[in-house]
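Inspection log for the structure reproduced underneath, given as C-alpha cells.
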2 protein chains.
Amino acid sequence: MSTLTIGQVAERTGAASSALRYWEDLGLIGSVRTSGNQRRYDRSTIRRVSFIRAAQRIGLSLDEIGAALATLPEGRTPTAGDWARLSRGWRGRLDEQIRRIERLRDQLDSCIGCGCLSLRTCALNNPSDVLADRGPGAVLLES
Amino acid sequence: MSTLTIGQVAERTGAASSALRYWEDLGLIGSVRTSGNQRRYDRSTIRRVSFIRAAQRIGLSLDEIGAALATLPEGRTPTAGDWARLSRGWRGRLDEQIRRIERLRDQLDSCIGCGCLSLRTCALNNPSDVLADRGPGAVLLES
DNA sequence: GGTAGACCTCAGGTGACGTTCACGTTCCGG
DNA sequence: CCGGAACGTGAACGTCACCTGAGGTCTACC
C-alpha cells in the first residue's frame, strides 16, 4: 500500500481534507478510488499539494496555480527541476509586490503631515495601484 | 445648497454610490435626509470618504477603518491634522507588509533550485507567514 | 463479524465587500 | 406640471476558498 488516504495527505501537508476535495473538484489534484469509492493518492501528490500551498502563500489564486500545474509534463512524475521551474517565476512576483507597497508608502510619506487625503499626489488618487491585501496574520490557525 | 447628493460624492471621490450606502449602513459615514428621504452629505464627507478609500488601499478592513474613524473628535469637522494623525500609523503597517514579503522571497530564494517544496526550510512550512494578497492589478476598473 | 473511526456526497454557510435588480419615489429644468 | 434622471429600499447575487453538517458507507483492527 504505497498509496495515501485523504487524511494522510491532509496530515502530511497541513491542508484540510475539505480543501483537498475542493482542489480535486477544480482539477488541481487527482486521485484514484478504491472499490468503496474512497480516494487514494499517489505519493507525488504530497509534493503537488505542497506546491499549491506554497503558491497560495506567494499570493497566486487557485486559477493561476492550476495554469501553472498544467504546464507540468504529463505521463511522468514531476522532478525537483520541474517544481523549481514553476517556483522561479514567483520571485519576480514578490519583487513586484514589494515595489508596489513601497510606492504606496512613499506616496503616503509625501502625504502624511499635510492631511490632504484628497489631492492628486495622495495614495488616494492613484487607482492604478490597487492593494487588497488581507492578512490578519493568522487566518488559518493550523498546528 | 452646500450639501452634496450621493451622486456628487460618488463622482468626486470615485466611490460608487452603492458603496456609499453600504458604508453608511456600517456606520462609516453619515448623512442627513431631505424631506423626500434622499441623502445629503456635508462637504467634509468628501474627505472622510477619501480617507476610507486610501485606508482600503493600504490594506485596512472596513472594521479597522471604522475603529480609526471613531477616534475622530465629535462635534467638529476634522482638521487636516486629524487626518494626518490617522494615516501616520499606516507607515508601519506598510513597512511590515514589505518585511513579510521580503522574508518570503528570501525563503523562496533558498528553496528555488532544490525544488524541495516540502522541506522544513521552504516558504511552505512556515504557516506563521500567511499571505493572502489578492491584487489582480485592476480589480475595480474605475475611470 | 462487530465496531470505531475515517471516509463519501450534497446542500448550504461563511465573510468581506460590495453590485445588481426590481420596483417605487423624488428632484429639477423646461 | 411633466418627464427623465437621480434617488430610495430590500433582497438576491457574485467572488474566493473553503468549512460544516446531515445522513450514509467503508476499512481496519480485534
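Chain letters run A, B, ... following the sequence lines, proteins first, then strands; residues in each count from 1.
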Using a cut-off of strictly less than 4.0 Å, decide whether B:T34 has a side-chain nitrogen or oxygen near OP1 or OP2 of C:dC27. yes

What is the distance, to the nearest angstrom, from the CG atom on A:N37 to the C1' atom on D:dG24? 12 Å

Both B:W23 and A:Q8 contact DNA chain C. Taking the nearest nucleotide for each, which residue is further toward the 5' end? A:Q8

Spacing between B:D63 atom CG and C:dA16 atom P, to the nearest angstrom: 7 Å

Given atom CD of A:E24 and atom C1' of C:dC8, what is their separation to the nearest angstrom? 12 Å

Between B:W23 and B:F51, is the ring centre distance below 6.0 Å? no

If only side-chain N and O atoms of A:R21 are considered, is one of them under 4.0 Å from the OP1 or OP2 phosphate oxygen of C:dC8? yes

Could you tell me whether the phosphate oxygens of D:dC16, OP1 or OP2, come under 4.0 Å of any side-chain nitrogen or oxygen in A:Q56? no

Separation of C:dC17 atom P from B:E64 atom CD, nearest Å, is 9 Å

For A:L20 and C:dT9, what is the distance between atoms CG and P respectively, to the nearest whole Å? 13 Å

Distance in angstrom units between A:D25 CG and D:dC18 C1', rounded: 11 Å

Single hit among B:R48, B:R47, B:R76 for salt bridge (Lys or Arg N to Asp or Glu O under 4.0 Å) with B:D82: B:R76

To the nearest 0.5 Å, tell me how far A:L69 CG sits from A:L86 CG. 7.0 Å

Taking only the side-chain nitrogens and oxygens of B:R33, find out if one of them lies under 4.0 Å from OP1 or OP2 of D:dT9. yes

Sugar-phosphate only, base, or nothing, as touched by A:S17 at under 4.0 Å among non-hydrogen atoms: nothing

What I want to check is whether the side chains of B:D42 and B:T45 have a donor and an acceptor closer together than 3.5 Å. no

Rounded distance in Å - OH (A:Y22) to C1' (C:dC7): 21 Å

It should be established whether A:T5 places a side-chain nitrogen or oxygen under 4.0 Å from OP1 or OP2 of nucleotide C:dC7. yes

Examine C:dC7: is either OP1 or OP2 under 4.0 Å from a nitrogen or oxygen in the side chain of A:R39? Give yes or no. no

